[in-house]
Amino acid sequence: RNIKLVIVLFVELFFIIICGMIFSPESVDESLKIVGLISSICMIITLLCVFFVSHKIGFSFFFCIFSYVFSFGLSMLLLINYNLSTTSSFSMRNGYFSPFDIFGSAIFVLCALCATFIGYCISYKNMQNQTRGRVAFYNEQRVRRVGWFLIIVSILPTFYLLYSDITSTYTLGYGSTLQGYRGIEKICSLISGFFISGMLMVFLFEKNRLKRLAILGIIGSYFLLQLIGGSRGTVFQIGVLLIIIWNLFFKSIDRKRAFWIVIFLLLGMFVFSVVSAARIWMSNGVNVAEIIKMVAKDLVKNNFLFACIREMGNTQIINTLVYKDCPSIVNYQLGYSYVKILWAILPNFIGSAYTGYIGVDITFSKLYPLTSAGLGASYISEGFWNFSYGSIIIFLIFGCLL
């Protein structure tokens, strides 16, 4: 399927390989700028292919954007002369990476992304329901009742945990909320697992106007408390999911709605940046209002959009780190980490079944100079850690599944 667009992406893949053979940057900054230029060109070509294959701005379109921004955000910023730190341990320019490391890893990641979207274009078939408005489903009333039941059962434990996280963030720091729950909080965390499912079921199937307003109020309160507690990931994930549900089952996203979505995304990026910066100071006894005011002014002055891209672009560090230190320091996994992911689906009643589980972030963060903090991971670094360049086949399959 979509043979013309697949050919375009194969030409892009050939272009990436040729660039890898032609260029040999001699400095870190030169390497980053060349990578920024090549990745920007590839992102535009890939985005156009993804759009023309589906003729809509949907999940895969945004996945493509974020894949490139997360993987090459730092290089793209340096390309436009944005100041990147040379002193922070979380920096591409602190001397740990050579120009060869940066450029070589970038060529691999570009090939991985290209393979992903070749697989996507090969397998994509537009089967979207063209009818406007949400179609009726069998037993909607029962699903609606189950959704409300799950909310009623889990809302108190969920909001108790949110209150606990807020308290911990303001007294002990945001890092304390990442340590896991114990005692009564552990029980609450298990029950609260039903909350998001119930919330989405009601959002999708509730028809009563007052009850729909109630669920929107609950969602809004949940988002607000998550942000006050310093958490952004859950808000982002559920927010995107609500947009997808709205587009599929209620009203399609036309130009006017797309405009407002972009406005809210920019506003959300600003709020996320404020939360990210403010939570660092929350445990220092500084007035919260003053913190937010100070952070907001700084973000506006220094362009919050670039600050957000810089933070997202830190994934470029972990991709380069895995490329540099595997297999010289850490051996290839040869598919073992994928097996452990599948194994983790089983209920944990087999005693020490999960003892020794190690991910990319845990393994490679210890190799990073001056810090043992987890840097996160990516599906590309996971692939290279398992099969090196052979993981390109894995990315092609992943694109087909996507």
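Owing to the predicted nature of the structure, the values given are computational and were not obtained by experimental measurement.
Taking the six-membered ring for Trp and thresholds of 30 and 60 degrees, Phe51 and His55 have ring planes more than 60 degrees apart, a perpendicular arrangement. Relative orientation of the Phe384 and Tyr323 rings is tilted, given thresholds of 30° and 60° on the angle between their planes.
Annotation: side chain of Ser75 is not in contact with side chain of Lys33 (no heavy-atom distance under 4.5 Å). Contact of the Arg209 side chain with the Leu213 side chain is registered, since non-hydrogen atoms from C-beta on lie closer than 4.5 Å. Counting only heavy atoms from C-beta outward, the side chains of Phe117 and Phe63 approach each other to under 4.5 Å. Looking at heavy atoms from C-beta onward, Val35 lies out of side-chain contact with Met76 at the 4.5 angstrom threshold. Looking only at side-chain heavy atoms (C-beta outward), Ile393 and Phe387 stay at 4.5 Å or farther from each other.
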Item to check | Test side chain to side chain contact (heavy atoms under 4.5 Å, CB included) applied to Ile18 and Phe15, step by step | outcome: CA-CA 5 Å; Ile18 292 298; Phe15 166 73; 5.8 Å; no
Next on the checklist: ring-ring contact (aromatic ring centres under 6.0 Å, His included) for Phe108 and Tyr389? Distances and angles first, verdict last.
Outcome noted: CA-CA 8 Å; Phe108 171 76; Tyr389 293 96; 5.6 Å; yes
Checklist entry - Passes ring-ring contact (aromatic ring centres under 6.0 Å, His included), Phe398 versus Tyr120? Steps please. => result CA-CA 8 Å; Phe398 175 70; Tyr120 170 76; over 10 Å; no
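The distance from atom CG of Asn208 to atom CD1 of Ile215, rounded to the nearest 0.5 Å, is 12.5 Å. In this structure, CD1 on Ile102 lies 8.5 Å from CG on Asp29, to the nearest 0.5 angstrom. Atom OG of Ser105 sits about 11.0 Å away from atom CD1 of Ile318, to the nearest 0.5 Å. Taken from CG in Leu78 to CE in Met92, the straight-line distance is 10.0 Å, to the nearest 0.5 Å. Atoms CG and CG, from Leu242 and Leu216 in turn, are 9.0 Å apart once rounded to the nearest 0.5 Å. Taking CD1 of Ile380 as the start and OG of Ser71 as the end, the distance is 4.5 Å to the nearest 0.5 Å.
Ser381 places no side-chain N or O within 3.5 Å of a backbone atom of Asn319 that could act as its donor or acceptor partner. Side-chain N or O atoms of Arg144 include none that pairs as donor or acceptor with a backbone N or O of Val202 at under 3.5 Å. Side-chain atoms of Arg212 come within 3.5 Å of backbone atoms of Phe203 as a donor-acceptor pair (strictly under, hydrogens ignored). Under the 3.5 Å distance criterion, the side-chain polar atoms of Ser337 are left unmatched by any main-chain donor or acceptor of Gln333.
Judged by the 6.0 Å distance and 45° axis criteria, Lys324 is positioned over the aromatic ring of Tyr96.
When each of Ile7, Ile118, Leu5 is checked for a side-chain contact (heavy atoms from CB on, under 4.5 Å) with Cys49, only Leu5 meets the rule. For the side-chain contact (heavy atoms from CB on, under 4.5 Å) test with Tyr68, the passing option among Val109, Leu47, Thr46, Ile44 is Thr46; the others fail. Screening Phe72, Phe61, Phe236 for a ring-ring contact (aromatic ring centres under 6.0 Å, His included) with Phe66, the sole residue that qualifies is Phe236.
Taking the six-membered ring for Trp and the full ring otherwise, Phe194 and Phe149 have centroids separated by 6.0 Å or more.
At a cut-off of 3.5 Å, with distance as the only test, no side-chain donor of Ser192 or Ser189 sits close to an acceptor on the other residue. If you check the side chains of Ser391 and Asn386, you find no donor sitting under 3.5 Å from an acceptor.
The heavy-atom pair separating Tyr124 from Asn2 by the smallest distance is O-ND2, 3.3 Å.
Other residues, nucleotides and ligands place no more than 12 heavy atoms under 6.0 Å from the CZ atom of Phe14.
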